[in-house]
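Read through the structure below, which is laid out as structure tokens, and then see the notes.
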2 protein chains.
Amino acid sequence: MSTISKEDYIKAIYTDQQRNGKNVSATYLAGKLNVSKAAVSDMGKKLANQGFIKYEAYRGATITKKGEKLALNLLRRHRLWEVFLMDVLKLDWGEVHEEAEKLEHLTSEKLIDAIDKYLHYPKFDPHGHPIPNKLGEFPHTPAVVSLKESQIKKKYRIVRFDDESFELMKYFSRLGISLYSEIYLSDRLEFDDSVFVEVAGRTQALSSKIAERIFVTELEAKDD
Amino acid sequence: MSTISKEDYIKAIYTDQQRNGKNVSATYLAGKLNVSKAAVSDMGKKLANQGFIKYEAYRGATITKKGEKLALNLLRRHRLWEVFLMDVLKLDWGEVHEEAEKLEHLTSEKLIDAIDKYLHYPKFDPHGHPIPNKLGEFPHTPAVVSLKESQIKKKYRIVRFDDESFELMKYFSRLGISLYSEIYLSDRLEFDDSVFVEVAGRTQALSSKIAERIFVTELEAKDD
DNA sequence: AAGCAAATTTAAGTATACTTAAATTATTTG
DNA sequence: CAAATAATTTAAGTATACTTAAATTTGCTT
């Protein structure tokens, strides 16, 4: 009923819809999944037939309840594997996502529950993404905003990197930007929406593309 | 180059050739892999083209060096996963083989090496199968024979169950026959080659089909 | 050694998940 | 608002890994 390929489409549709709120376009999916737009159109119809998504010709996909259930399950498997591979098997940052991407598709309910138990039911993965429980429920979390939307002259704590690419993660670690570190948003340029931040004792400029991927919670005001 | 399907064929060919020493027949593979004989014939040609096996029409398959290398790698991945799933994640006997069967195909060199290290380089899996190292070398092991070939009136230690089926494993555990237990081969019937054994304080009769799957090493003579 | 049964292959066809190229629909812009 | 351009779909074709049914080969039996 659901193959690896289909699962990849469903996860991409769910994730993009969560992030951007609108119908997920064929072009986006083709880029993300590295296939032609024609393939997306084809698969769109199949997934719609099987009730995982709604697919209107020329206007993209939206996830259904059934699709969401599968997507949350995949997210759960993916994120638990990530924690496991990093914390237990000591794979590093960059390897973890790619491995999890493969393992998530072939992991039975029993196995993933065993991993969950072994890890004492973690609530977040190594990027700060919340891990759905068996029922597909996310842990309750304080409100988070991306650095792009947060206010200047305020102190925050980084709680999530909303990106899995090894490249960006390496960039962050080179800059001393890591999960749960404090960050002070000193300024934002009108010109290109880039931001200036103080983190790990350094002042950095970050493009809005990057700020958009860093999620934070507010801390008490900084006293200078 | 090598898909999950192909890997399953190669593993089956390698394993059967090891066990029975002759060309592996299409009928055997069709049964083992749950596909038609026509499918085996098809795939046989493909695998031969790619250098994994030799395949002579009407006379079955033999593994090549290249195929053996891949098979040993698969065996390594499979067996390490089995140890990991049982010892670390506490899955039970029956579940372990099936899960490993899926995971082995999508496990990178790095991951399997991390698992190997985590487990402190185990030499045998939960069925007593030897685990090849990174180079495809088996650990040195004392000579083992199946109960079918061993001599009566001698004491042995069970060191391997050469079968992965849950059914047989359950049967053994019901009879109190477990890995590394002592077993005394009291008699063998000419009639059907079945054997009488004393194990776990009980006297049992075992069919030759079953005796064939139990591998033992000799212990010092039993003193009555 | 001929005939027969079993094993195997060939042939034709299916489903999945793609591809490229042409045709169609939607959207932007002057 | 029409034309251009961008996005998407349709059509035709490919590779993989199967299927069933018919034809062929092998090896056994007498």
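Computed over heavy atoms, backbone and side chain alike; hydrogens, waters and symmetry mates excluded. Numbered from 1 within each chain, the chains take letters A, B, ... in sequence-line order.
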Specify the separation, in whole Å, of atom [atom1] of [X] and atom [atom2] of [N].
| X | N | atom1 | atom2 | value |
| --- | --- | --- | --- | --- |
| B/L29 | C/dA7 | CG | P | 14 Å |
| B/L33 | C/dT8 | CG | C1' | 16 Å |
| B/L47 | C/dT9 | CG | P | 13 Å |
| A/Q50 | C/dT16 | CD | C1' | 11 Å |
| A/K6 | C/dT16 | NZ | C1' | 8 Å |
| A/M1 | C/dA15 | CE | P | 16 Å |
| B/E56 | D/dT24 | CD | P | 21 Å |
| B/D42 | C/dA7 | CG | P | 20 Å |

- prompt: Do NZ/NE/NH1/NH2 and the carboxylate oxygens of B/K170 and B/E167 come within less than 4.0 Å?
  reply: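 No.
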Ignoring backbone atoms, test whether [X] places a side-chain nitrogen or oxygen under 4.0 Å from the OP1 or OP2 oxygen of [N].
| X | N | answer |
| --- | --- | --- |
| B/Y58 | D/dA23 | no |
| B/S36 | D/dT20 | no |
| A/R59 | D/dA7 | no |
| B/K37 | C/dT9 | no |
| B/T27 | C/dT8 | yes |
| B/Y9 | D/dC18 | yes |
| A/Y55 | D/dT8 | no |
| A/T3 | C/dT16 | no |

message = Both A/A57 and A/N34 contact DNA chain C. Taking the nearest nucleotide for each, which residue is further toward the 5' end?
response =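 Closer to the 5' end of DNA chain C: A/N34.
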Which residue, B/K45 or A/A38, contacts DNA chain C at a nucleotide closer to its 5' end, judged by nearest heavy atom?
->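 The answer here is B/K45.
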Could you work out which one of C/dC18, C/dT8, D/dT9 sits closest to the side chain of A/S5?
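Comparing C/dC18, C/dT8, D/dT9 against the side chain of A/S5, the answer is C/dC18.
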Next item on the list: State whether the number of non-hydrogen atoms from other residues, nucleotides or ligands found under 6.0 Å of B/K66 atom NZ is greater than 12.
Entry: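 It does: B/K66 NZ has more than 12 such atoms within range.
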Exercise for review: Report the relative orientation of the aromatic rings in B/W81 and B/F84; use parallel for angles under 30°, tilted for 30 to 60°, perpendicular for over 60°.
Suggested key: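 Plane angle over 60°, so perpendicular.
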- Query: Which of these passes salt bridge (Lys or Arg N to Asp or Glu O under 4.0 Å) with B/D116: B/K123, B/K134, B/R76?
  - Reply: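 Among B/K123, B/K134, B/R76, the one that satisfies the salt bridge (Lys or Arg N to Asp or Glu O under 4.0 Å) with B/D116 is B/R76.
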Please say which of B/R79, B/R77, B/H78 ends up in a side-chain hydrogen bond (donor to acceptor under 3.5 Å, both in side chains) with B/E104.
->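 Checked B/R79, B/R77, B/H78 against B/E104; only one passes side-chain hydrogen bond (donor to acceptor under 3.5 Å, both in side chains): B/H78.
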